Number of protein chains: 2
Amino acid sequence: MPKVTPILLDEQLCFSIYAASKKFNHFYQSALAPFGLTYPQYIAMLVLWEDAPLTVHQLGERLELDSGTLTPLLKRLEKQGWVERVRSRTDERQVLIHLTEMAEEKRDEVYARIGQCQTLLGMSNDEIDSMMSELVTVKSQLDTVSQERKIAKQVDKQA
Amino acid sequence: MPKVTPILLDEQLCFSIYAASKKFNHFYQSALAPFGLTYPQYIAMLVLWEDAPLTVHQLGERLELDSGTLTPLLKRLEKQGWVERVRSRTDERQVLIHLTEMAEEKRDEVYARIGQCQTLLGMSNDEIDSMMSELVTVKSQLDTVSQERKIAKQVDKQA
DNA sequence: TTCCAGAGTATTGTATACAATTAAATTGCC
DNA sequence: GGCAATTTAATTGTATACAATACTCTGGAA
């Protein structure tokens, strides 16, 4: 009997995404070094530059992160002067994340820096569009399958 | 003057990859729950099932991880009975990662489990191939740009 | 032989992630 | 109005990642 082998293409796809994600992370970290921002911190700032103030929960929905990740991340952003965490008066459960003046002032600098670095990537809009739509497919498949914790059940049904 | 905006497509591409990577991670974690393996642990096992024994360095090259990540990961795999870490006799600097009997025995079970779960993804080989080749492009771009720490220099040259 | 540059691994420190739990505040329902 | 269920953040515990450093070992040069 031949060796049982896993579906290698899927493996490789997953690993490629995993590796690309790490590389992007490093790329942004280098690009944003002058500002001392990590990639997760940067995307949090991006959302806030659009829509601040937001609650931790609202920010988490946009970034697909929970309070276990965001609370310490936001504390670090606060310590570095980018945001202020303010307990809401109308609903004391909520913490509103406000931008500081520094954040407003540095926004265009950060945008410009990222813009410059991204041009180094040299991907066409078509290439990007195509990848994005495929990634959306993958993500929604993964959502359907795993978000509802159906994996075990479905596999067990097969057995 | 209009607001300066970053190159949103690139942002979205990066975020899509970042989010997809996290979802894949969770997907594998659920699928492998019966074995108690995380995704990074699983890909380490995959490589070892192909080629054990390997040194930490060799494993790290395949997985694109350094000893700072691998050492604790491998210690956990050892504690759970999947591998043995054996200091090489011919070169005392090296640590050889061997598979345990349990690992050999469970290999096909793990493969089968992943095979079952992956069929739930429902992507065609063509779709997967196309994504992979695009991801390889992105990764090599990121390698070229950032691996050699050229980002700052190149941007500064533009200024 | 001795010394030293480099290789290989481990450790330390910082920053994510996320499941699970806790704690506080609010809402809904009687 | 009073209390249970829900919502929202924070906390705890585990597991990656990775830069920077430390430490040991090896092989070659003086």
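In what follows, every chain begins at residue 1, and chains take the letters A, B, ... in the order their sequences are listed. These numbers come from a predicted model, not from an experiment.
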Its contact letters, B for base, S for sugar-phosphate only and - for none at protein heavy atoms under 4.0 Å, make nucleotides 23-28 of chain C read --BS--

Determine the contact category for B/Glu64: base if any of its heavy atoms lies under 4.0 Å from a base atom, sugar-phosphate if only primed atoms, P, OP1 or OP2 are that close, otherwise nothing.
-> sugar-phosphate

Parallel, tilted or perpendicular: which describes the rings of A/Tyr42 and A/Tyr39, with under 30° parallel and over 60° perpendicular?
-> tilted

Below 4.0 Å: OP1/OP2 of D/dA19 and any side-chain N or O of A/His26 = yes

Check whether any side-chain heavy atom of B/Thr100 sits under 4.5 Å from a side-chain heavy atom of B/Glu104, and report yes or no.
-> no

From CG of A/Leu142 across to C1' of C/dC18 the rounded distance in Å is 17 Å

Please report, rounded to the nearest Å, how far the C1' atom of D/dT8 is from the CG atom of A/Leu54.
-> 15 Å

Which pairs, protein N/O on one side and nucleotides 10-16 of chain C N/O on the other, fall under 3.5 Å?
residue: C/dA10; atom: OP1; partner: B/Arg85; partner atom: NH2; Å: 2.7
residue: C/dA10; atom: OP2; partner: B/Thr71; partner atom: OG1; Å: 2.7
residue: C/dA10; atom: N7; partner: B/Ser67; partner atom: OG; Å: 2.7
residue: C/dT11; atom: OP2; partner: B/Lys75; partner atom: NZ; Å: 2.7
residue: C/dT16; atom: OP1; partner: A/Thr38; partner atom: OG1; Å: 2.4
residue: C/dT16; atom: OP2; partner: A/Gln41; partner atom: NE2; Å: 2.7
residue: C/dT16; atom: OP2; partner: A/Arg76; partner atom: NE; Å: 2.8
residue: C/dT16; atom: OP2; partner: A/Arg76; partner atom: NH2; Å: 3.2
residue: C/dT16; atom: O5'; partner: A/Arg76; partner atom: NH2; Å: 3.4

From A/Tyr28 atom OH to A/Leu37 atom CG, the distance as rounded to the nearest 0.5 Å | 12.5 Å

Hey, are the side chains of A/Met45 and A/Leu99 touching, using non-hydrogen atoms and a 4.5 Å cut-off?
-> yes

Give a yes or no on whether the backbone of B/Ser67 and the side-chain of B/Thr71 come within a donor-acceptor separation of less than 3.5 Å.
-> yes

To the nearest Å, give me how far apart CD1 (B/Ile43) and P (D/dA17) are.
-> 7 Å

Could you give the CG-to-P distance, from B/Leu65 to C/dT9, as a whole number of Å?
-> 14 Å

Return the value, rounded to whole Å, for the distance between atom NE2 of A/His57 and atom P of D/dT6.
-> 15 Å

Does a donor on one side chain sit under 3.5 Å from an acceptor on the other, for A/Thr137 and B/Glu127?
-> no

Under 4.0 Å between a Lys/Arg side-chain N and an Asp/Glu carboxylate O for B/Lys106 and B/Glu101?
-> no

Output for pair (B/Asp129 CG, A/Leu13 CG), nearest 0.5 Å, gives 9.5 Å

